[in-house]
Amino acid sequence: MSSSLSSSSSPPSSLSSSSSLPINECTPNTRVALLQFKVTDNKEQNQATALKYLQQAHEQGASLAVLPEIWNSPYATTAFAEYAETLPDLYYQYSPECTLLDNSPSAKMLFQAAIKYKMYIIGGSIPEVQNSSDIYNTCLCISPSGKLIGKHRKVHLFDIDVPGGIRFMESDTLSPGDTLTAFSAGASFGTIGVGICYDIRFPEYALLLNQKYQCHILVYPGAFNMTTGPAHWELLQRARAVDNQCFVLTASPARTPEAVEEQDGNQKSKKYKHYTAWGHSTVVNPWGEVVGTCGEEESLVVVDLDMERVAKMREGIPTMKQKRNDLYNLLDVKERT
């Protein structure tokens, strides 16, 4: 299934990014593709599926593709160490001769696809291992030339216990990130801020990103579940879009029902506990309107972003210029230490 809602796909005449960020390539349009596909316990199969969807995004003319959260691994704390890869540092430039990613096939595929299809790729997230012990939920943001222009480690870990709903503790395995993540996507898309899933519940993170980098788009690869998804997934996206007067993009895994396998009449125990994703990858505009979405099934959501809507929203309702800093302030704590 593909959802495509078109406005203006031509880049606006001038969409400046924050002066503190390096400027990257301009793209021929502002078409985005959200990749929603099923994730299995077979890492190679997941990589092949992701590559197939990236090719489809390219064939539909997308200049920016967004993958789901934890797309190369089961979403289970006990699985993260097995599927984790060593990932490069920010501003790493991929080249075929470089052997750094030879043992990181998921990451290598993303870099190769970005170059081949000449598109920005926000690589959802995969488990990252560092120092042989620390594991992070990490998103790689790659330019069309194969440069790592953003690297986001999930800041807020998904530790919840909803009575009668779901209990999940990412902190059993993962370590939290500690950076604000934003990058320039050239004059077409402007500045893009990145969070991962549970990060979207914290308006302070998004507001600080916007205050510091004047983001035109916020992107959250995520995997909300059957308890929180129906209640909060779209609500939070629309809230962050209105709060920050920008586009919000989310990409989720497709929903997979829990399989019941039987062997000789007895249920076969699965290695990892099943996690059912809500799906519904979505694009929300600065007015808080849903302009592209899908259901729970495998989908490619393709939308042309009218980036001029960002400036018009901020000019018409200039909340960024109306902050009462004499009463309250939002501070980047790391800048003060």
Side-chain angles (χ1 to χ4, degrees), residues 1-5 30-39 50 53-54 57 62 64-71 75 120-126 137-141 150 152 154-156 158 181-182 185 189 192-203 205-206 209-210 215-255 275-305 310:
M1 176 180 174
S2 173
S3 172
S4 178
L5 296 174
T30 55
R31 182 168 297 172
V32 300
L34 312 179
L35 283 52
Q36 180 169 300
F37 52 85
K38 293 179 181 178
V39 177
Y53 273 77
L54 285 167
L64 169 67
V66 185
L67 280 76
E69 181 185 23
I70 304 293
W71 60 265
Y75 192 65
Y120 285 95
I121 293 179
I122 297 179
S125 72
I126 62 176
N137 185 342
T138 302
C139 176
L140 300 178
C141 306
H152 182 70
K154 191 173 188 176
V155 173
H156 305 92
F158 182 50
T181 302
F189 289 111
I192 299 178
V194 179
I196 298 175
C197 198
Y198 201 55
D199 288 338
I200 201 172
R201 286 189 177 273
F202 298 85
Y205 174 78
L209 268 178
N210 204 17
C215 297
H216 303 92
I217 302 171
L218 295 174
V219 179
Y220 295 92
F224 271 44
N225 54 72
M226 298 300 292
T227 299
T228 61
H232 300 149
W233 178 240
E234 181 182 308
L235 173 68
L236 287 166
Q237 294 172 63
R238 296 179 68 187
R240 297 295 80 80
V242 173
D243 286 346
N244 296 280
Q245 301 179 313
C246 66
F247 284 93
V248 170
L249 315 181
T250 60
S252 166
R255 193 178 308 169
Y275 183 93
T276 305
W278 172 241
H280 296 81
S281 300
T282 300
V283 178
V284 179
N285 70 16
W287 192 255
E289 299 168 321
V290 173
V291 293
T293 192
C294 61
E296 73 278 2
E297 68 285 345
E298 290 190 313
S299 303
L300 187 70
V301 181
V302 179
V303 177
D304 293 316
L305 304 186
V310 177

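In what follows, every heavy atom counts, from backbone to side chain, and hydrogens, waters and symmetry copies are set aside. For the single chain, residues carry numbers from 1 onward in sequence order. Everything numeric in this text was worked out from a predicted model, so none of it was measured.
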### Query
Would you call the rings of Phe189 and Tyr120 parallel, tilted or perpendicular, where under 30° means parallel and over 60° means perpendicular?
perpendicular

### Task
Quick one: pull up CD in Glu69 and OG in Ser125 and give me the separation to the nearest 0.5 Å.
4.5 Å

### Message
I need the Ile196 CD1 to Ile70 CD1 distance, nearest 0.5 Å.
### Response
7.5 Å

### Query
What pairs meet the salt bridge (charged side-chain N to carboxylate O under 4.0 Å, His left out) rule with one or both residues in residues 285-295, with sequence neighbours excluded?
Glu289-Arg309

### Task
Can you label the angle between the Trp278 ring and the His280 ring as parallel, tilted or perpendicular, going by 30° and 60°?
parallel

### Task
Kindly compute the distance separating OG1 (Thr293) from CG (Leu34), expressed to the nearest 0.5 Å.
8.5 Å

### Query
Between Cys246 and Val310, which heavy-atom pair has the shortest distance, and what is it?
CA-CG2, 4.3 Å

### ring-ring contact (aromatic ring centres under 6.0 Å, His included) against Phe224, all qualifying residues, sequence neighbours excluded
Trp233

### Query
Considering all heavy atoms of both residues, which atom of Ala223 and which atom of Cys197 are nearest to each other, and what is their separation?
N-SG, 3.3 Å

### Task
Applying ring-ring contact (aromatic ring centres under 6.0 Å, His included), name anything that partners Tyr220, two or more places apart in sequence or on another chain.
none

### Message
Quick check on side-chain contact (heavy atoms from CB on, under 4.5 Å): which of Thr250, Val248, Asp243, Leu249 does Leu218 satisfy it with?
### Response
Val248

### Residues forming a salt bridge (Lys or Arg N to Asp or Glu O under 4.0 Å) with Glu296, sequence neighbours excluded
none

### Task
Give me the one residue out of Ile192, Val32, Leu67, Leu35 that meets side-chain contact (heavy atoms from CB on, under 4.5 Å) with Ile122.
Ile192

### Message
Can you list everything that forms a salt bridge (Lys or Arg N to Asp or Glu O under 4.0 Å) with Arg238? Sequence neighbours excluded, please.
### Response
Glu234

### Task
Report yes if some heavy atom in the side chain of Arg240 is under 4.5 Å from a heavy atom in the side chain of Pro203; otherwise report no.
yes

### Task
Kindly write out the residues that satisfy ring-ring contact (aromatic ring centres under 6.0 Å, His included) with Tyr275, not counting sequence neighbours, or none if the list is empty.
Tyr75, Phe168

